[in-house]
There are 2 protein chains.
Amino acid sequence: MVRRRRRKVATIKDVAERAGVSTATVSYVLNGTGSVTAATRQRVLQVVAELEYQPNHAARSMRSRSRTLGLILPYGAAELSTPTLAELVAGLTEAAANHGYYLLLAGDPGKSERLVATSLARTGRVDGFVLLDLQVDDERSADLTAAGILHVGVGAPASGNACPGLSFDLTGGALMATRSLRTLGHRRIALINLPSELTDSDLLYQGFAKALTETGEEVAPSFIVEAGTSQDDGLAAMQELLAQPEGPTAVLAASDELAFGAMHALRDAGIEVGRDVALIGCGDVPLAAHTHPPLTTLRAPRRALGAALAHTLIALVEQQPLPSFTPLPLQLIVRKTTCPLPE
Amino acid sequence: MVRRRRRKVATIKDVAERAGVSTATVSYVLNGTGSVTAATRQRVLQVVAELEYQPNHAARSMRSRSRTLGLILPYGAAELSTPTLAELVAGLTEAAANHGYYLLLAGDPGKSERLVATSLARTGRVDGFVLLDLQVDDERSADLTAAGILHVGVGAPASGNACPGLSFDLTGGALMATRSLRTLGHRRIALINLPSELTDSDLLYQGFAKALTETGEEVAPSFIVEAGTSQDDGLAAMQELLAQPEGPTAVLAASDELAFGAMHALRDAGIEVGRDVALIGCGDVPLAAHTHPPLTTLRAPRRALGAALAHTLIALVEQQPLPSFTPLPLQLIVRKTTCPLPE
DNA sequence: ACCGAGCACTTAACCGATTAACTAGATTAT
DNA sequence: ATAATCTAGTTAATCGGTTAAGTGCTCGGT
């Protein structure tokens, strides 16, 4: 059987030979280090172009870094299909590309996240990791820190975590959303929040609470429901709120997913969203614009967050000063699930 | 400023020294090559465990391959958020992991897909690529083949493409779906198909046509609409069908996305899906179970396809015989959008 | 008793880059 | 005029593995 051999690509030696210089000179030209006359530089670059030379990545990363960022997919990776994660990944990938980095996906259901991460880092395959859904006292972060592995997390830089944490300005967003509900006349406002393990959940709570206390009101504990992350969790949470003697007239949900669940619960209870009860979600996933009625929600710049994560992690890897990061602002997209307080 | 130096990891030299052997012996033990006594093997493995030694990836891939598969994200990468792609990626990642491979994501909006791919391959960063949405006479495949870069595509192995193409058994699926519509009494059945550039579109058409011709009927050209891939495209296609003097009583859509659009169009036209008109989608994305009414659709094993792609590409890379591939069967999930022909 | 083969290793070349150390020639300083 | 410095390169060490070639040693065959 004739099997075509893999094509041989040009090496730095080929370039050096053809340009009549040493490999060191070629390297100097390509990296802008050393001192080279304009004429020599020209000649080398000419040959590089002719041979379409590109330095071998393995050889390069032996001397320095691998210019690769790692991302561990959550169990089952079904969550990759959530627009939230998908756009984040897109932002990561693009921003990384701008710095000559690439994104390595890992997600071995057999091994633990920790094992995969340390293996990837110890073998020099990746320079650092992005941790999704940063938690309070995150074990993963502690593990990586202990192993000397650089990483950044998606979420608030919380106590117990030594890594930089980047997130949206959920506090500002929640404040804005809750204020807008108050402006519409609502006074019995509930919050369906994320699990309290997630660092993001407190951010949201702070904004929500501030909007109430700034007008001298108290936060009713029964109106704060800690839910999971799924649509079903949102449904359950809403049912819990409706079961109370005096239920809320407005609800802020910590994610669109939760809001969708809440919409289901309301519909099942015969309550019309956007007329009887106001509802605001968070995230603005594509589907939010196409529910019935379309969901009022806080738009989150997911792609920008991905880019910010990439920048921060790369700065960490290259030992440059970390770029200053201000939580990315959310934008209130008013659709049809918000309404003035019914008289 | 005190900045902790990166932790030094054990090298093969450390292992060799500690075990009192040469590095070659360590390498032989770890790779199962060469001949080593049981005692020596024991000792080496012992030390490997003690030092938690893992071979440096860069050094390794200089002599062989990089054990990395490349995937180029579609423009803007918004499509990653489609469950279809997300699950495929998950399947790819997992199956790759089982062979010691990882998935490298690329998606540089600045450079062309071709440029990124050749660069990644020439620098030895990846061993091969997965091409999404394989097209008839796919330019990308031609480019990669010309550059001697291994790759597999998602789609039918079509004319003009030298690479293996893996897909679902869309022909069988369309046949099954269309037959089921006939069994329900429908005779005026339409097909909203994918763009004809996609190799998958013909597969679907073949099954659809067979279901009609096998009972001696003719395929009405006006009932075959070539649409795009978006929900809006599905909407437009359905409107086109409805505009005909005698519209279809049943519709097969080539994707759930298209089916959702068709549902919108039907609803807008005051036609009740699942009573007046039957509709079958393809893919069974999670949302399909939650539309009103829930969508009858062909369930596609996306994760399995991802795994098959990984296996095939890795076999290609390692010059092993390609695993035989039978198109992955679809399963008809009957929900509420199908109905007998109204009398 | 001697040769060849096989075993269990070691030695060293090699993969393709980066970079510290060196060198020859030109320029500047004293 | 001569030493010191600078420029534009080269040579060679190095990163951490893999692997072809080499080296004693034991064993079997004749």
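Naming convention: chains lettered A, B, ... in sequence-line order (proteins, then strands); numbering from 1 in each chain.
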### Task
Under 4.0 Å from any atom of DNA chain C, heavy atoms only: list the residues of residues 43-55 of chain B that qualify, in numerical order.
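By residue number: none to list.
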### Message
Counting only heavy atoms and a strict 4.0 angstrom limit, can you tell me which residues of residues 56-63 of chain B come near DNA chain C?
### Response
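Residues of residues 56-63 of chain B that come under 4.0 Å of DNA chain C are, in numerical order, B/Met62, B/Arg63.
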Indicate, with a heavy-atom threshold strictly under 4.0 Å, whether [X] touches base, sugar-phosphate, or nothing.
| X | value |
| --- | --- |
| A/Thr11 | sugar-phosphate |
| A/Val21 | sugar-phosphate |
| B/Thr37 | sugar-phosphate |
| A/Ser35 | base |

What's the [atom1]-[atom2] distance between [X] and [N], to the nearest Å?
| X | N | atom1 | atom2 | value |
| --- | --- | --- | --- | --- |
| B/Ile12 | C/dC15 | CD1 | P | 18 Å |
| A/Asn31 | D/dA8 | CG | C1' | 17 Å |
| A/Arg125 | D/dG16 | CZ | P | 18 Å |
| A/Lys13 | C/dA17 | NZ | C1' | 10 Å |
| A/Arg41 | D/dG9 | CZ | C1' | 13 Å |

### Query
Take atom CD in B/Glu139; do more than 12 heavy atoms of anything else shown fall under 6.0 Å from it?
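Counting other residues, nucleotides and ligands, CD of B/Glu139 stays at 12 neighbours or fewer.
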### Query
A/Thr25 or B/Val36: which one's nearest nucleotide on DNA chain C is closer to the 5' end?
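By nearest-heavy-atom nucleotide position, the 5'-most residue is B/Val36.
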### Task
Select from B/Ala38 and A/Leu30 the residue whose nearest nucleotide in DNA chain C is closer to the 5' end of that strand.
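First, find each residue's nearest nucleotide; the 5'-ward one identifies B/Ala38.
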### Query
Does a side-chain N or O from A/Lys8 land closer than 4.0 Å to OP1 or OP2 of C/dG16, or not?
yes
### Query
Within the structure, does a side-chain N or O atom of B/Thr40 lie under 4.0 Å from either OP1 or OP2 of C/dC9?
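Checking B/Thr40 against C/dC9: at least one side-chain N or O falls below 4.0 Å of OP1 or OP2.
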### N-O pairing of A/Arg114 and A/Asp143 below 4.0 Å
yes
Minimum side-chain heavy-atom gap [X]-[Y] below 4.5 Å:
| X | Y | value |
| --- | --- | --- |
| A/Val136 | A/Glu197 | no |
| B/Leu134 | B/Leu198 | no |
| A/His151 | A/Val130 | no |
| A/Val21 | A/Arg43 | yes |

### Task
Ignoring hydrogens and angles, tell me if any N or O in the side chain of A/Asp127 forms a donor-acceptor pair with the backbone of A/Val317 under 3.5 Å.
no
### Message
Could you check whether any side-chain N or O of B/Thr40 sits under 3.5 Å from a backbone N or O of B/Val36, counting only pairs where one atom can act as donor and the other as acceptor?
### Response
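No.
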### Message
Taking side-chain hydrogen bond (donor to acceptor under 3.5 Å, both in side chains) as the definition, give me every residue that meets it alongside B/Thr199, ordered by chain and number, with sequence neighbours left out.
### Response
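With neighbours one apart ignored, the set is empty.
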#### Entry: Closest to the B/Ser22 side chain, choosing from D/dT7, C/dT19, C/dT11
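Of all the options, the side chain of B/Ser22 is nearest to C/dT11.
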For a quick check under 3.5 Å, do [X] and [Y] share a side-chain donor-acceptor pair by atom type?
| X | Y | value |
| --- | --- | --- |
| A/Glu50 | A/Gln46 | yes |
| B/Asp200 | B/Ser167 | yes |
| B/Arg125 | B/Ser61 | no |

All N/O pairs under 3.5 Å across the protein-nucleotides 20-26 of chain C interface:
residue: C/dA20; atom: N6; partner: A/Tyr28; partner atom: OH; Å: 3.1

#### Entry: Helix axis bend for the helix from C/dA1-D/dT30 to C/dT30-D/dA1 - C1'-based end axes, five pairs, 10° rounding
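The angle, to the nearest 10 degrees, is 50°.
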#### Entry: Option passing side-chain contact (heavy atoms from CB on, under 4.5 Å) with B/Phe325 (candidates B/Val152, B/Leu309, B/Leu305)
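Exactly one option meets the side-chain contact (heavy atoms from CB on, under 4.5 Å) with B/Phe325, and it is B/Leu305.
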### Query
Please, which pairs that meet ring-ring contact (aromatic ring centres under 6.0 Å, His included) have at least one residue in residues 89-141 of chain A, sequence neighbours excluded?
A/His99-A/His311
